[in-house]
4 protein chains.
Amino acid sequence: MTRRRVPKEVRERQMLDAAVATFGRLGYRAASMDGIAERAGVSKPLLYLYLNSKEELFTACIRREAAALAAAVTGAVDAGESPERQLWGGLLGFFTHTADHPDGWAVLYRQARTTGRPFAAEVDVLREGLVEYVAGLFAAAARDAGCDAALVGREVTALAHALVGAAESLADWAGGAPPASGERPEPKDTAATLMDFAWPGLEALLARARTPGTT
Amino acid sequence: MTRRRVPKEVRERQMLDAAVATFGRLGYRAASMDGIAERAGVSKPLLYLYLNSKEELFTACIRREAAALAAAVTGAVDAGESPERQLWGGLLGFFTHTADHPDGWAVLYRQARTTGRPFAAEVDVLREGLVEYVAGLFAAAARDAGCDAALVGREVTALAHALVGAAESLADWAGGAPPASGERPEPKDTAATLMDFAWPGLEALLARARTPGTT
Amino acid sequence: MTRRRVPKEVRERQMLDAAVATFGRLGYRAASMDGIAERAGVSKPLLYLYLNSKEELFTACIRREAAALAAAVTGAVDAGESPERQLWGGLLGFFTHTADHPDGWAVLYRQARTTGRPFAAEVDVLREGLVEYVAGLFAAAARDAGCDAALVGREVTALAHALVGAAESLADWAGGAPPASGERPEPKDTAATLMDFAWPGLEALLARARTPGTT
Amino acid sequence: MTRRRVPKEVRERQMLDAAVATFGRLGYRAASMDGIAERAGVSKPLLYLYLNSKEELFTACIRREAAALAAAVTGAVDAGESPERQLWGGLLGFFTHTADHPDGWAVLYRQARTTGRPFAAEVDVLREGLVEYVAGLFAAAARDAGCDAALVGREVTALAHALVGAAESLADWAGGAPPASGERPEPKDTAATLMDFAWPGLEALLARARTPGTT
DNA sequence: CATGAATGAGAATTCATTCAT
DNA sequence: TATGAATGAATTCTCATTCAT
């Protein structure tokens, strides 16, 4: 159609955008290369020229979105602050980004994880990074509270897993309800809900750790 | 091959079992009617005779598994006990059932939600039911603690959502780690983790509600 | 279209016939599964159901035609006769069969040999068989003529190769000239031409072998 | 990359060389213009600028290789010598050239003949020329032997066909056996094999022609 | 002169679905 | 009741060919 010459990077971004939107809504199998090409406004061969195959295209989507999400979380944290403030910042960054990029989030959380090993593994890398980061915050909070970090180590990791899972779930829920269901919750509110939900559990754990005799 | 005359209901169950296993592992699109028929040990036309189409078959799977899960949760609760005990019972029932029926859980949580509106809606019904049930428990706890139920209503619902989301996430995580990762966590431990994580948050909320002046 | 139920073997033969005709005329790459299915009067999926892939289909064609040609040659020979008579019979069988099955011959000689290793290897088996058979006849003729078989062994094999090559070439030539060029030569004449061409060379060789001092 | 200004003719030769190598190894269909351009070290549009289309490119390859082969045969013959010496010279030239230019030979003999009418026709011109030349030699030999040329005319043509076919077949066989099979036969040996094989047949024919009463 | 960027057309293969028995 | 046989409709991917610079 439009034989417009467009710089490589722009074209590639157009294609990835279209792919993320399509994969995010339909899933890997149901998405067709035809559909993606059309949405990107390019011909199918061009799509293949840039991204080689459906599999590689999907992988490229996952990587791009994972990197963007990680950057959003990292960038929202001020490393000099208290663990609690850092967690708050990270959560806010997380919910803001996922709310702003629902298709990207769907690709990562909904689709990539249900489409078989190689893809799920890509996401696991991201996830492990987040879990470790949160666990680090919890450990710092433990130190600040005068607990033996080694003592609470295992439980801290479990809690970090639970928190990340809860965050994913909330992000999914917040983004999932489409226009119909009235207003979408603000990222700030979602973050507050989760903080209120989770932080007391952590403090209770630390309290127990300071009072020997309880497990 | 086995020309055994089998009663209608048994046949149907065989087919649904095969379908749940196949859909749960491969997803809706990647699963083939051929594969399901073969796994069920019946011919494809018979599969169509009983279940009409791939779409209806998938829907039937979702409904059956959703009902089974709801029954498992409901059945594990003793309506006469305290909210905390009731929640504990429900969580235990939930984690036990999902651990025992990983394919069914995968169909509900992983596949149905990623395969487009009509199917996701089926699951949402189940989910809403659970959320409301949990919210009811929280409201009861609020009353028991002498709080104004109306006052905490909104927050209680948000918390219920978070808890259900966390439970789903934990169930998925507990079932997801295959043999490699050593032993799978016991449902009881998973439930305990979540209780420890979540209950303090609720109590903190109630405490705030009793002490006017804080949001 | 015609949803006629046809016995398996008949269907398979229809498909192979169509495939041989198509591959023989267009070559492996230029032939399309669509075209073959249409010529066979079946749908493409059925073609795949029976023959799995283009590659397997081509292999099946080669094998069937190779077996048929080998049978035609073998069946035209009376094992009790003199080498010269046996060779005559074999050639006659060969030229008769190739003239009667030009597409099969084209598949074997023209297409299979130019379509890469795995296919060429199939034909080589046939070809080696024929060469060895002819070499055996030559050796028998040598013994009858009182020559030391071991002495002429190597030359006999080279001659056999040349003869088979000449036969292939003549068959191709005889079958290649289409209607335009007037009448096609009779297999008997082709066989006679080759006998006249080749037998004196063999006899000359044997004569040299009986008169030591020549190489 | 190499922005060297290269004279037109050299460029064209580079392209034809690449095309011959590619077509000879892969065949017309399996060869891609992309591959040829890359092997030639030029861009695809340039390839099209010089040679217009895949079809024309293939035709140009055939013509160039056919001319080269004809020249090699013609140039190896001393027109003043006896028919037998001339035939020997021609065969030697033929086998030497085909051994030195395996890709060109593959294009002519293997690929062009299996890729449909228009291309096969190009080769037929070459082939007919060779056959007529050989038939002329045979006729001269007949005259030298005191035979009535008209009498043996038809048989002489058939023999010429057989000889050319045998030569082609031997060239193909000699060039086909790759490194594995040890040393490749020398052109001189191949020519000798064919001379030994063919000349006695011709002499026998002439002998019969001088002795009326035999057919 | 030379090319990077782009596309229309087609090919192999798979799948949900349905007759005819 | 139950099925072996059959197909229409996609889907992924490739290739010859051509603008725009």
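Chain naming here is simple, since letters A, B, ... match the order of the sequence lines and numbering starts at 1 in each.
- Each of A/Ser53 and B/Leu46 lies near DNA chain F, and the nucleotide nearest B/Leu46 is the one positioned closer to the 5' end.
- Nearest nucleotide to the side chain of A/Ser32, out of E/dA12, F/dA16, F/dT11: F/dT11.
- Between A/Asp17 and A/Arg64 there is a salt bridge, with a side-chain nitrogen of the basic residue lying less than 4.0 Å from a carboxylate oxygen of the acidic one.
- Going from atom CD of C/Glu12 over to atom C1' of F/dA5 covers 14 Å, rounded to whole Å.
- When distances run from any side-chain atom of A/Lys54 to the nucleotides E/dA12, F/dA16, F/dT12, the shortest one goes to F/dT12.
- Residue B/Met33 has its side chain nearest to E/dA16 when only E/dA6, E/dA16, E/dA5 are considered.
- The base-pairing partner of F/dA20, taking Watson-Crick or G-U wobble contacts with both distances under 3.5 Å, is E/dT3.
- Which of E/dT3, E/dT17, F/dT12 sits closest to the side chain of D/Pro45 comes down to E/dT3.
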Take D/Ile62 and D/Phe58 through the side chain to side chain contact (heavy atoms under 4.5 Å, CB included) test and state the conclusion after the steps. CA-CA 6 Å; D/Ile62 295 172; D/Phe58 192 45; 4.0 Å; yes

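- Residue C/Tyr50 places at least one side-chain N or O closer than 4.0 Å to OP1 or OP2 of F/dA6.
- Closest approach to the B/Ser43 side chain among F/dA2, F/dA9, E/dA12 is made by F/dA2 (side chain taken as heavy atoms from C-beta onward).
- Distance, C/Leu51 CG to E/dA12 P: 14 Å, rounded to whole Å.
- Closest to the B/Lys44 side chain, of the nucleotides F/dT11, F/dA6, E/dT13, is F/dA6.
- Taking atom CZ of A/Arg29 as the reference point, atom P of E/dT13 lies 17 Å away to the nearest angstrom.
- Counting non-hydrogen atoms under 4.0 angstrom, B/Ala31 reaches the backbone sugars and phosphates but no base.
- At E/dA6, one or more side-chain N or O atoms of A/Arg11 fall inside 4.0 Å of OP1 or OP2 (strictly under the cut-off).
- Although no hydrogens or angles enter the test, the distance criterion places a donor-acceptor pair under 3.5 Å between the side chain of A/Lys54 and the main chain of A/Ala31.
- Between B/Asp34 atom CG and F/dA6 atom P there is a gap of 16 Å when expressed in whole angstrom units.
- Where A/Pro7 and D/Val42 meet DNA chain E, the nucleotide closest to each residue was compared, and D/Val42 sits on the side nearer the 5' end.
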Could you go through B/Ile36 and B/Met15, starting from their C-alpha distance and side-chain angles, then the distance that decides it, and tell me whether this counts as side chain to side chain contact (heavy atoms under 4.5 Å, CB included)? CA-CA 7 Å; B/Ile36 293 170; B/Met15 295 181 193; 5.9 Å; no

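- One atom, CG of D/Leu49, and another, P of F/dA16, lie 18 Å apart when rounded to the nearest Å.
- Whole-Å rounding puts the A/Leu26 CG to F/dT12 P distance at 11 Å.
- Protein atom OH of A/Tyr48 is 13 Å distant from nucleotide atom C1' of E/dA12, rounded to whole Å.
- The nearest whole Å value for the distance from the CG atom in B/Leu47 to the P atom in F/dG4 is 14 Å.
- Side chain of A/Gln111 to backbone of A/Gly24: a donor-acceptor contact under 3.5 angstrom is found.
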